[in-house]
Amino acid sequence: MVAFTNNIKTAALMAGLVFLFMFVGNLMGGMQYVIGFGIFAVIMNVGAWWFSDTIAIKSMRGQPVEPGDSTGLYEMVEELSARAKLPMPKVYICPHDAPNAFATGRSPRKAAVAVTHGALRLLNRQEMEGVIGHELAHIKNRDTLTSTI
């Protein structure tokens with residue numbers, strides 16, 4: 001039920017963006033602008049749907065983490081994902097000093113979890129498990145779709 005609700009919210013958000021662009025187009029010059037702005041909004045929505053997770057990871061300069069990485073992050077995410085009955089998300093480390101973590105992706109199968117170097121340095125294992133669990137909850141509840149768009 002949560003997934004359905006979040007899908008409805010995302011569809012409403014995308015439709016709202018199209019209508020907003022079309023309204024602005026109408027203010028700028030009438031029907032020919034409405035159509036052009038509407039097409040542009042649809043293209044932007046499709047891009048946001050398919051590429052928002054990639055854009056978020058690249059904007060944070062995330063580097064993929066492989067099994068056996070010295071941080072143990074991959075194994076932690078793998079263990080917590082299994083306990084939450086989620087597919088294994090991609091795991092990234094971002095080279096930023098500020099302690100932060102985020103989840104992104106349009107579905108649990110396309111999800112990713114990213115953690116900054118600052119969080120890895122600052123948090124102990126138990127705290128990091130709490131942070132990763134929080135991010136996995138976003139994936140499980142499909143909050144990531146709405147937030148990435």
Side-chain angles (χ1 to χ4, degrees), residues 1-25 27-28 37-149:
M1 186 63 183
V2 172
F4 179 75
T5 304
N6 280 339
N7 287 341
I8 294 296
K9 283 192 238 178
T10 302
L13 174 64
M14 294 175 96
L17 290 171
V18 169
F19 288 122
L20 177 65
F21 270 74
M22 292 172 75
F23 177 74
V24 170
L27 292 177
M28 291 183 67
F37 275 55
I39 291 169
F40 180 70
V42 168
I43 291 169
M44 280 185 47
N45 279 340
V46 169
W49 175 265
W50 286 106
F51 302 112
S52 57
D53 55 339
T54 304
I55 292 168
I57 296 293
K58 287 188 178 191
S59 70
M60 292 289 291
R61 296 179 303 180
Q63 299 298 312
V65 177
E66 301 297 328
D69 185 281
S70 63
T71 62
L73 181 62
Y74 186 93
E75 289 75 13
M76 182 185 298
V77 173
E78 186 174 45
E79 176 188 334
L80 293 171
S81 295
R83 288 199 311 201
K85 297 182 174 109
L86 285 169
M88 177 64 184
K90 294 177 185 169
V91 182
Y92 294 89
I93 294 179
C94 303
H96 297 278
D97 291 329
N100 196 10
F102 66 94
T104 186
R106 63 183 180 270
S107 72
R109 284 188 190 82
K110 301 289 184 181
V113 173
V115 178
T116 64
H117 280 137
L120 289 171
R121 277 195 300 272
L122 183 66
L123 303 176
N124 64 36
R125 181 170 177 82
Q126 186 178 13
E127 292 167 332
M128 184 57 70
E129 284 180 348
V131 168
I132 297 300
H134 172 88
E135 299 308 328
L136 291 174
H138 284 304
I139 293 169
K140 189 165 190 157
N141 293 320
R142 296 180 183 252
D143 300 335
T144 55
L145 174 60
T146 306
S147 65
T148 55
I149 289 177

Heavy atoms of Asp53 and Lys110 approach each other most closely as OD2-O, 3.6 Å
Nearest 0.5 angstrom please: Phe102 CZ to Thr116 OG1, how far?
9.5 Å
Specify the closest pair of heavy atoms between Arg61 and Pro95, including all atoms of both residues, with the distance to one decimal.
O-CD, 3.1 Å
Quick check: closest heavy atoms across Glu129 and Leu80, and the distance to 0.1 Å?
O-CD1, 3.7 Å
For Met28 against Phe37, the heavy-atom pair lying closest together
SD-CZ, 3.5 Å
Non-hydrogen atoms of Ile57 and Ala112 that approach each other most closely:
CD1-CB, 4.3 Å
So CG of Asn100 and NE2 of His117: to nearest 0.5 Å the spacing works out to 13.5 Å
Heavy-atom distance under 4.5 Å between the side chains of Leu136 and Pro89, does that happen here?
yes
Do Tyr92 and Met60 come within less than 4.5 Å of each other through their side chains, counting heavy atoms only?
no
What is the minimum heavy-atom distance between Ala119 and Met128, and which atoms define it?
O-CE, 3.5 Å
Under 4.5 Å between any side-chain heavy atoms of Ile132 and Leu73, yes or no?
yes
When rounded to the nearest 0.5 Å, the distance separating NZ of Lys90 from CD of Glu66 is 11.0 Å
Please check if the side chain of Glu127 supplies one atom and the backbone of Asn124 the other of a donor-acceptor pair under 3.5 Å.
yes
Distance-only, no hydrogens or angles: does the Glu75 side chain make a donor-acceptor pair with backbone N or O of Pro67 under 3.5 Å?
no
Starting from the C-alpha separation in whole Å, work towards a yes-or-no answer on side chain to side chain contact (heavy atoms under 4.5 Å, CB included) for Ile55 and Thr104.
CA-CA 10 Å; Ile55 292 168; Thr104 186; over 6 Å; no
